[in-house]
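To start, the structure under review is shown below, and the notes come after it.
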Amino acid sequence: LAMFSELKFPVPWGHVAAKAWGPLEGHPVLCLHGWLDNANTFDKLIPLLPRGCYYVAMDFSGHGLSSHRPAGCPYHFLDYVTDVRRVAEALQWRRFTLMGHSMGGAVAGMFCFLYPEMVDKLILLESLGFLLAPEDTEAWLKSKRRVIDRLLSLEAKEQTPKARSPEAALQRLLEANSHLTAEGGAILLQRGATETPAG
């Protein structure tokens, strides 16, 4: 398992990089590094682990060889969870093992909590995983999962914006915002719409 291959997955702000060891058809294991570390965290460990697995160690956004998020965008734990979703989707993994070190363990724990159907085992190295007050659990779970799912489905649909006539654009705005008057809508469209040759 000393040999590894480099992987790259496109994301809207660039790419997420990863390293992979073992046979492609092996049991999938996604490895998540700790705070300010990168995928090389696992270089010495992977060769000691069972041979029948396909290990992918990703660089979180802004770490290792992965693209940084645009300047001014903070790095939240939930964004790292979303990175994990993107990588699992790119690999077409329905169900896999998650191994996380330190911060990566917290991200792995959060991912398991949000997407239990996708994870068969959770391995934590120097990490507590993810702890929430019991009374917050249900609401947190629902809202955060919805946020991530919606973001990814919007990105998947990413089409070019529709061109409409000024009248049709106003009509559309008024349908979506029942509280707006036609005059208010027209005022907003002056700055909220861009004129192109198509409309």
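All heavy atoms count here, side chains included; hydrogens, waters and symmetry mates do not.
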Any side-chain heavy-atom pair from I123 and L98 closer than 4.5 angstrom?
no
Compare every heavy atom of S61 with every heavy atom of D83, then report the nearest pair and how far apart it is.
OD2-OG, 2.8 Å
Do you know which two heavy atoms are closest between P23 and Y54, and how far apart they sit?
O-CB, 3.1 Å
ILVMFWY network linking L180 to I187, side-chain heavy atoms under 4.5 angstrom
no
Steps toward side chain to side chain contact (heavy atoms under 4.5 Å, CB included) verdict (V56, W93):
CA-CA 11 Å; V56 175; W93 286 0; 3.7 Å; yes
Close side-chain approach of D37 to H63, heavy-atom, < 4.5 Å:
no
Between K121, H27, M118, which is the residue that forms a side chain to side chain contact (heavy atoms under 4.5 Å, CB included) with F96?
M118
Neighbour count above 12 (heavy atom, 6.0 Å) for E175 CD
yes
Does F60 have any ring pair (Phe, Tyr, Trp, His ring centres under 6.0 Å) partners at least two apart in sequence or in another chain, and if so, which?
H33, Y80
Within-4.5 Å side-chain heavy-atom neighbours: N177 and L173:
yes
Using the rule given for side chain to side chain contact (heavy atoms under 4.5 Å, CB included), can you reason through M99 versus L32, listing the C-alpha separation, both sets of side-chain angles and the distance that settles it, and then say yes or no?
CA-CA 6 Å; M99 176 162 61; L32 308 180; over 6 Å; no
Verdict with supporting geometry, R164 and E195, salt bridge (Lys or Arg N to Asp or Glu O under 4.0 Å):
CA-CA 9 Å; R164 297 184 167 91; E195 207 168 324; over 6 Å; no
Using only heavy-atom distances, determine whether the side chains of Y115 and D149 contain a donor-acceptor pair under 3.5 Å.
yes
Side-chain heavy atoms of K19 within contact of N40, under 4.5 Å:
yes
Could you give me the CA-CA distance, side-chain angles and deciding distance for V84 and M58, then say whether side chain to side chain contact (heavy atoms under 4.5 Å, CB included) is met?
CA-CA 8 Å; V84 172; M58 59 184 276; 4.2 Å; yes
Is there side-chain contact between S102 and T41, with heavy atoms separated by less than 4.5 Å?
no
Closer than 3.5 angstrom, by distance alone: can the side chain of R69 be matched with the main-chain N or O of P74 as a donor-acceptor pair?
no
What one should report as the nearest heavy-atom pair of G105 and L124 is O-CD2, 3.5 Å
Between CE of M103 and CG of L36, what distance do you get to the nearest 0.5 Å?
7.5 Å
Quick one: pull up CG in L141 and CZ in R146 and give me the separation to the nearest 0.5 Å.
10.5 Å
Do the side chains of L151 and L78 join up, straight or via other hydrophobic residues, at under 4.5 Å, putting them in one cluster?
no
Ignoring hydrogens and geometry, is there a side-chain-to-backbone donor-acceptor pair from S153 to R150 under 3.5 Å?
yes
Rounded distance (nearest 0.5 Å) linking atom OG1 of T82 with atom CE of M110:
10.0 Å
Looking at every heavy atom in both L170 and G185, which two are closest together, and how far apart are they?
CD1-C, 3.6 Å
Within the supplied structure, the quantity of interest is the number of heavy atoms (other residues, nucleotides, ligands) at a distance under 6.0 Å from R95 CZ; does it exceed 12?
yes
Salt bridge present between E155 and R85 (N-O < 4.0 angstrom):
no
What are the two closest non-hydrogen atoms of A20 and L7, and how far apart are they?
CB-CD1, 3.8 Å
Salt bridge or not for R86 and D79, using N-O below 4.0 Å?
no
From OG (S5) to CH2 (W21), nearest 0.5 Å
9.0 Å
Side-chain H-bond candidate by donor/acceptor type, T181 with E183, under 3.5 Å:
no
Is there a ring pair (Phe, Tyr, Trp, His ring centres under 6.0 Å) between W140 and F113? Walk through the geometry before answering.
CA-CA 10 Å; W140 192 93; F113 184 59; 5.8 Å; yes
Could you tell me the separation between the CD atom of E167 and the CG atom of L189, rounded to the nearest 0.5 Å?
10.5 Å
Heavy-atom side-chain contact between L49 and Y55 under 4.5 Å
yes
Using the rule that Ile, Leu, Val, Met, Phe, Trp and Tyr join whenever any side-chain heavy atoms are under 4.5 Å apart, tell me whether Y75 and V81 fall into a single cluster.
yes
Compile the donor-acceptor pairs under 3.5 Å between side chains in residues 8-18 and protein atoms, sequence neighbours left out, one pair per line.
from : atom 1 : to  : atom 2 : distance (Å)
H15  : ND1    : S67 : OG     : 3.3
H15  : NE2    : L65 : O      : 2.9

Please confirm whether the backbone N or O of D59 pairs with a side-chain atom of S66, one donor and one acceptor, at under 3.5 Å?
yes
With hydrophobic residues grouped by side-chain heavy-atom distances under 4.5 Å, do F111 and V147 end up in a single group?
no
